[in-house]
Amino acid sequence: MVGGRRLAVALAVVAMLATAQAIPLYVMLPLTAMNNDGTLNNPSQLLQQLRTLKQQTNFDGVMSDVWWGIVEAQGPGKYNWDGYKKLISLVREVGDVKFQAVMSFHQCGGNVGDNCFIPLPAWARSCGRDCFYTDREGNVDYEYLSLGVDDLPYVDGRSAVQIYTDFMASFRDNVLKGNEDIIDQLQIGMGPAGELRYPGYKGDTYPGIGEFQCYDKFMLANLAQAANDAGHPEWGHGGPSNAGTYKQQPSQTAFWSDGGFDNYKSEYGNFFLSWYSRQLIDHGARVLNATRQVFADHIEQRKRNGADNGSWRFIAAKVSGIHWQYKDPSHAAECTSGYYNTNNENAYLGLARLFAALDTEFDFTAYGLFDKYQCSSCAPQELVQQVGDACRQAGITLGGENALEQLDVQHLNNMISQASSPLRLASFAFLRLTDAMLNNGNFQNFARGIHAA
């Protein structure tokens with residue numbers, strides 16, 4: 001059986017290599033491309049920018065958030081797709097450009113680079129603090145619904161997964177239908193910033209360890225049950241009490257220090273970190289399984305047409321590039337966001353295997369950064385290497401995004417280099433369309449380099 005699995009993975013890797021062509025380059029549209037009322041923001045300027053950039057770089061497509069907080073703002077099941085239909089029509093006018101849609105079930109505002117505020121629908125927020133991630137101090141994060149309500153009809157009579165399913169089904173019937181030729185991928189948001197993670201860090205807490213986000217009543221009930229099942233009910237009252245606060249360093253806490261009581265290496269530490277990360281993986285599985293059911297017929301048609309051919313997948317999911325504290329043995333910042341990447345655990349291999357099992361591309365966000373320009377505990381280059389190795393081992397395609405908006409030659413060349421090693425990317429999405437990219441020789445050379453990588 002093990003040999004059969006290895007052969008299947010090997011064949012998947014061979015298929016990816018055999019069908020390899022130029023790495024397609026996508027450009028993320030501005031966060032302000034859509035107004036909160038569902039109308040396009042300055043469409044004539046956007047069209048001119050895209051036409052100019054297409055002429056200068058021959059980029060392959062755009063990536064755009066499709067905001068839950070805009071589309072379903074007027075009430076449960078009341079979807080307004082008019083703005084996104086017009087956006088896709090605008091992209092068609094550019095000519096020979098594809099459209100990647102991000103199912104953005106999160107809030108815009110509060111993360112690095114956010115220059116606007118798009119909250120979740122008011123009717124969803126009215127469910128109260130119990131359906132949002134909460135830290136030990138009782139601070140509630142309203143960016144994304146807690147996975148604790150994935151299957152509970154707690155949000156206006158529907159579960160979170162049912163809300164996402166209904167939204168995607170409406171997108172399928174009202175936007176994808178008739179635009180199958182231009183919409184070539186859906187990235188499914190499953191956490192803050194559209195990433196499969198907990199809100200373990202905040203915009204101003206870098207490069208701190210972050211905090212666990214398991215204190216809403218539903219996650220606490222789940223933890224209590226898991227602790228009882230493990231024969232340690234005393235472990236089920238919350239996360240570790242000695243894990244510190246957002247901006248602290250591992251050495252300042254007992255839980256993240258090698259010699260601390262009940263630390264991350266202890267039996268208790270392993271239990272908690274395993275439970276916490278498993279909840280996140282299970283959340284990803286629930287949402288992605290629902291996604292695949294909604295788009296099953298479309299995906300099957302794409303496979304028959306050869307559009308999804310082993311080197312490309314219609315469904316994608318994004319993982320956060322948490323590169324700080326990577327050099328610390330605890331990997332604390334990753335762990336508080338749900339990536340159990342210590343104690344001989346490989347968080348990214350676990351995620352890659354999940355995505356491979358659900359035929360979902362692994363999208364990663366830490367490209368372009370250098371270790372030498374980051375904090376002493378940071379290692380973005382090693383993290384990119386680990387993720388590439390994990391995807392290659394799992395036999396799943398990998399898409400890349402640059403971590404920051406950088407147009408200098410050094411960082412752009414690093415992105416090109418990382419796009420082909422350790423695993424050749426299925427696509428690269430550049431963050432983000434601005435006037436500075438136009439008539440920019442550095443970016444024009446970058447586009448040629450990505451296509452040739």
Side-chain angles (χ1 to χ4, degrees), residues 132-141 146-148 191-192 197-281 320-348 350 374-380 382-383 386:
F132 291 94
Y133 291 123
T134 305
D135 64 21
R136 185 175 186 82
E137 292 76 37
N139 300 306
V140 180
D141 189 291
S146 166
L147 60 81
R197 65 172 174 88
Y198 298 104
Y201 64 89
K202 311 299 178 184
D204 63 346
T205 62
Y206 169 88
I209 55 179
E211 291 193 30
F212 294 113
Q213 306 290 315
C214 58
Y215 290 87
D216 64 81
K217 72 176 184 180
F218 301 111
M219 288 198 71
L220 284 175
N222 186 303
L223 174 60
Q225 183 61 57
N228 281 330
D229 292 345
H232 287 278
E234 71 276 12
W235 291 349
H237 302 298
S241 60
N242 57 351
T245 55
Y246 290 100
K247 294 185 178 182
Q248 287 185 298
Q249 298 299 297
S251 61
Q252 296 174 304
T253 74
F255 185 77
W256 298 116
S257 298
D258 283 350
F261 176 72
D262 271 353
N263 72 349
Y264 72 95
K265 292 183 176 181
S266 67
E267 181 185 5
Y268 163 72
N270 181 62
F271 160 79
F272 178 79
L273 293 174
S274 296
W275 170 82
Y276 190 68
S277 61
R278 172 49 59 184
Q279 299 311 300
L280 189 68
I281 289 175
S320 184
I322 303 174
H323 58 84
W324 53 103
Q325 308 303 336
Y326 189 88
K327 291 181 180 178
D328 188 272
S330 69
H331 289 250
E334 293 163 272
C335 289
T336 54
S337 287
Y339 304 153
Y340 189 9
N341 202 36
T342 187
N343 292 340
N344 296 316
E345 297 289 337
N346 186 335
Y348 308 102
Q374 305 300 317
C375 66
S376 60
S377 70
C378 297
E382 285 86 343
L383 179 56
Q386 183 183 356

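Throughout, residue positions are numbered sequentially from 1 according to the sequence presented. Note that the structure is predicted; figures quoted are calculated from it, not measured. Scope of the values below: all heavy atoms of this structure, side chains included, with no hydrogens, waters or symmetry mates.
- In this model, a donor atom of one side chain and an acceptor atom of the other lie less than 3.5 Å apart for Tyr215 and Arg136.
- Contact of the Leu223 side chain with the His237 side chain is not registered, since no non-hydrogen atoms from C-beta on lie closer than 4.5 Å.
- With hydrogens and angles ignored, the 3.5 Å screen pairs a side-chain donor or acceptor of Lys202 with a backbone N or O of Pro199.
- Contact of the Pro329 side chain with the Tyr264 side chain is registered, since non-hydrogen atoms from C-beta on lie closer than 4.5 Å.
- There is a side-chain donor-acceptor pair under 3.5 Å between Gln386 and Asn346.
- In this structure the side chain of Asn242 never reaches within 4.5 angstrom of the side chain of Thr253, judged on heavy atoms.
- Here the CD atom belonging to Glu334 is positioned 9.0 Å from the OG1 atom belonging to Thr342, to the nearest 0.5 angstrom.
- For Tyr198 and Asp135, the side-chain atoms include no donor-acceptor pair closer than 3.5 Å.
- Note that CD1 of Ile281 is 12.0 Å distant from CG of Leu147, once rounded to the nearest 0.5 Å.
- Using bins of under 30°, 30° to 60° and over 60° for the plane-to-plane angle, the ring pair Tyr326/His331 lands in the perpendicular bin.
- Of the candidates Cys214, Ser337, Cys335, Tyr276 forms a side-chain contact (heavy atoms from CB on, under 4.5 Å) with just one, namely Cys214.
- The OG1 atom of Thr245 sits 6.5 Å away from atom CD1 of Ile209, with the distance rounded to the nearest 0.5 Å.
- Note that CD of Gln249 and CD of Gln325 are 4.5 Å apart. Values are rounded to the nearest 0.5 Å.
- Side chain of Gln213 to backbone of Glu211: a donor-acceptor contact under 3.5 angstrom is found.
- No donor-acceptor pair closer than 3.5 Å links the side chain of Ser257 to the backbone N or O of Ala254.
- Ring geometry, Tyr268 versus Phe271: the interplanar angle falls from 30° to 60°, so the pair is classed tilted.
- Looking only at side-chain heavy atoms (C-beta outward), Asn270 and Lys265 stay at 4.5 Å or farther from each other.
- The side-chain heavy atoms of Trp256 and Asn263, taken from C-beta on, include no pair separated by under 4.5 Å.
- Judged by distance alone, with hydrogens and angles left aside, the side-chain atoms of Gln225 form no donor-acceptor pair with the main-chain N or O of Asn222 at under 3.5 Å.
- In this structure, the ring of Phe212 has its center no less than 6.0 angstrom from the ring center of Trp275.
- Between Gln374 atom CD and Lys327 atom NZ the span is 10.0 Å, to the nearest 0.5 Å.
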Problem set entry | Lys247 vs Asp204, side chain to side chain contact (heavy atoms under 4.5 Å, CB included): CA-CA, chis, key distance, verdict | CA-CA 8 Å; Lys247 294 185 178 182; Asp204 63 346; 4.1 Å; yes

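- Asp216 and Ser146 share a side-chain donor-acceptor pair at under 3.5 Å.
- A 4.5 Å side-chain heavy-atom check between Val140 and Tyr133 finds every atom pair outside the cut-off.
- The ring pair (Phe, Tyr, Trp, His ring centres under 6.0 Å) with Tyr201 is formed by just one residue from the set Tyr246, Trp324, Tyr206; it is Trp324.
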